[in-house]
Each structure stands twice: as structure tokens, then as C-alpha cells.
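Shown next, in C-alpha cells, is the structure this report addresses.
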Amino acid sequence: MRIATWNVNSLRTRLDRVLAFLERSSIDVLAIQETKCRDDQLPVAPFEAAGYEVAHTGYHQWNGVAIVSRVGLKEVETSYAGQPAFGKPGQEPRVEARAIGATCGGVRVWSLYVPHGRTLTDPHYAYKLAWLDGLRAQAAGWLAADPTAQVGLLGDWNVIPRDTDVWDVTAFEGHTHVSAAERAAFAAFEDAGYTEVTREHLPAEHTYTYWDYQQLAFPRNKGLRIDFAYASPALRDQVTAVTVDRDERRGKGASDHVPVVLDLAG
DNA sequence: ATGGTAGTGGTACTA
């Protein structure tokens with residue numbers, strides 16, 4: 001079985017690329033982030049025609065997460081328990097479309113779009129830390145309830161865990177993604193019993209999954225490693241290989257992120 | 001050359 005994660009930066013704009021990727025790479029389950037559409041705008045028919053089911057949550061033109069599967073799609077949840085809400089000052093805080101879970105082929109798959117944080121003094125930054133901490137607490141509970149569960153936490157984590165996960169970490173001094181608090185919140189998933197399997201299989205430094213659209217970042221290889229997959233022990237045991245589809249960043253109409261693919265035994 | 005990238009939606013906001 002093959003499971004992948006990909007921040008597509010608009011599913012409607014990227015639909016042809018997503019369908020081509022599913023076929024080219026024989027993907028069974030795809031965790032998608034930043035669909036940038038409401039449920040009623042989701043292009044479902046093209047996926048069904050290709051043999052996939054789709055689960056999605058999206059409220060407007062921002063965020064939006066989905067799971068696409070051809071090995072079953074059951075027990076869909078469109079947020080995790082206790083997921084923090086966010087709203088601008090003076091607005092009612094709302095739980096955003098940043099997490100969706102479903103059971104596919106025996107694996108509990110979560111597609112996650114961790115809040116960006118914006119700046120270290122922005123309320124969005126505190127929201128980001130709370131969001132990660134809340135998810136970790138739930139994920140620890142899932143394992144406590146069933147230590148043999150196959151659970152995958154896949155997505156755009158918006159954290160640069162190591163200095164060598166960016167072309168020049170000094171360019172990020174004073175910015176989000178590299179702060180000690182964010183890195184601690186990310187690392188806490190290891191303490192909760194999960195293993196970040198993409199690094200386990202792809203340990204090379206400067207292995208990037210994202211290149212900004214600006215400043216010719218991709219041709220200059222000024223990238224970030226921010227897309228990851230935490231796996232429970234039972235799922236980790238099944239992972240035989242991980243691939244970053246770097247070529248997907250090429251050409252006209254690319255997302256700024258590329259897919260990360262997990263090969264599973266059986 | 002007073003910009004710079006992209007998407008959505010609407011004359012701004014997010015990343």
C-alpha cells in the first residue's frame with residue numbers, strides 16, 4: 001500500500017496534477033492540505049471516476065483538508081477532539097478546517113494543516129502551539145487506548161525541526177517555524193510514542209518538501225522541510241520506503257509543496 | 001523597471 005501527503009495549494013487549480021500524481025505513483029491513500037474550497041465546491045466526480053472515495057472539510061477559500069482513498073474510507077472525523085478555535089479580535093473564534101481523519105485500509109490516517117503562526121508575537125503563533133499540543137494530547141490518547149493501532153499523522157506541519165532543514169537558517173532568525181517552542185511542540189510527538197518516518201527513511205540533510213514561489217526559490221534550491229509523517233509503532237513497522245516527489249515542483253502550475261510518499265508492506 | 005509569487009474572491013488576505 002502507498003500513502004502520500006501533499007499540500008496542493010488549491011485542489012481545483014491543481015486537480016489535473018493531483019489526478020496525474022495518483023495514477024503515476026499508484027497512490028492508494030492521499031492526505032491533501034490547502035484545498036482552498038468549501039465542501040460544495042469540491043471536485044468529487046473526477047476522483048470517483050478514477051476509483052477513489054473522498055472525504056473533505058472546508059469552510060471558505062482558506063485551509064481545507066481532504067483524504068482520498070481507493071482502499072476504503074470509514075469513520076471520518078473533521079477535527080480532532082479539543083481542536084483549538086481561532087478568530088480575529090472581535091470575531092467569534094472558530095475551529096478551522098485543518099484536520100481530517102479516516103480509516104483507510106486498516107490505517108487511521110490524519111491529514112493535517114498546522115497553523116502557520118505568522119509572527120512570533122501574533123496571536124496566530126500561540127494558536128499554533130496550542131494546536132500542536134492539543135493534537136499531541138489526542139494522539140497520545142489514541143495509542144494509550146490501542147498500542148497496536150496503525151496511526152499516521154501526515155501533513156504540512158509548518159515547523160522546520162532542524163537547522164539543516166532549510167537552505168540558510170540564519171535567514172529565519174526571529175521568524176516562525178524555527179523557534180525553540182515550535183520545535184519542542186513538534187518533537188513532543190516522539191515522546192508520545194510516534195516516529196517521524198520520513199526522516200527515518202530520508203535522513204539526508206537539506207531534503208526539502210517546499211520552495212516558495214518568490215525569488216526563484218526552486219531554481220536556487222532555497223527550500224524548507226516542513227511536510228512530515230508521524231507513525232505509531234505498528235505503522236512504523238510497515239513503512240519500507242519514503243520518497244519526496246521533487247519533480248512535482250517543476251513546470252507551470254506547480255504547488256509550492258511536493259508530495260511525500262510512504263511505501264507500506266502488505 | 002518603484003516590482004518582486006500564487007490563489008481566491010472581490011477592491012484584501014493568507015501563505
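To find a chain, count down the sequence lines: A is the first, B the second, and so on, and within it residues start at 1. These figures come from a predicted structure and were not determined experimentally.
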Connected-component partners of A:L120 among ILVMFWY, side-chain separation under 4.5 Å: A:Y125, A:L129
If the C1' atom of B:dG9 is compared with that of B:dT14, how far apart are they to the nearest Å? 12 Å
Just how far is it from atom CD of A:Q214 to atom NZ of A:K222, taken to the nearest 0.5 Å? 12.0 Å
Nearest-nucleotide wise, let me know which of A:E34 and A:D212 is further upstream toward the 5' end of DNA chain B. A:D212
For a ring-ring contact (aromatic ring centres under 6.0 Å, His included) check, start with the C-alpha distance between A:Y230 and A:W157, then their side-chain angles and the critical distance, and finish with the verdict. CA-CA 10 Å; A:Y230 270 111; A:W157 290 74; 5.3 Å; yes
So A:F218, base contact, sugar-phosphate only, or nothing? Heavy-atom distance under 4.0 Å. nothing
Inspect the contact between A:D163 and A:R183 and indicate whether a charged nitrogen and a carboxylate oxygen are less than 4.0 angstrom apart. yes
When we call it a touch if two heavy atoms are under 4.0 Å apart, what does A:Q41 touch: a base, just sugar-phosphate, or nothing? sugar-phosphate
Tell me, please, the opening and closing nucleotides of DNA chain B, 5' to 3', among those with an atom under 4.0 angstrom from a non-hydrogen atom of chain A. B:dT5 to B:dA15
B:dC13 and B:dT2, which share atom name P, separated by this distance in whole Å: 24 Å
Mind checking A:Q61 for me? I need base, sugar-phosphate or nothing, with any heavy atom below 4.0 Å counting as a touch. sugar-phosphate
Under 3.5 Å, which donor-acceptor pairs link side chains of residues 184-197 of chain A to any protein atom two or more places apart or in another chain?
residue: A:E190; atom: OE2; partner: A:E196; partner atom: N; Å: 3.4
residue: A:Y194; atom: OH; partner: A:A139; partner atom: O; Å: 2.8
residue: A:E196; atom: OE1; partner: A:T198; partner atom: OG1; Å: 2.9
residue: A:E196; atom: OE1; partner: A:R199; partner atom: N; Å: 3.0
residue: A:E196; atom: OE2; partner: A:T198; partner atom: N; Å: 3.0
residue: A:E196; atom: OE2; partner: A:T198; partner atom: OG1; Å: 2.9
residue: A:E196; atom: OE2; partner: A:A229; partner atom: N; Å: 3.0

Quantified in whole Å, what is the P atom distance between nucleotide B:dG10 and nucleotide B:dA1? 36 Å
Just call it for A:K88: base, sugar-phosphate, or nothing, with non-hydrogen atoms closer than 4.0 Å on any strand. sugar-phosphate
Between A:T13 and A:Q214, which is nearer to the 5' end of DNA chain B once each is assigned its nearest nucleotide? A:Q214
Can you confirm whether A:E23 is buried at CD, in the sense that more than 12 heavy atoms of other residues, nucleotides or ligands lie under 6.0 Å from that atom? no
Give one of base, sugar-phosphate or nothing for A:R98, where a contact means two heavy atoms less than 4.0 Å apart. sugar-phosphate
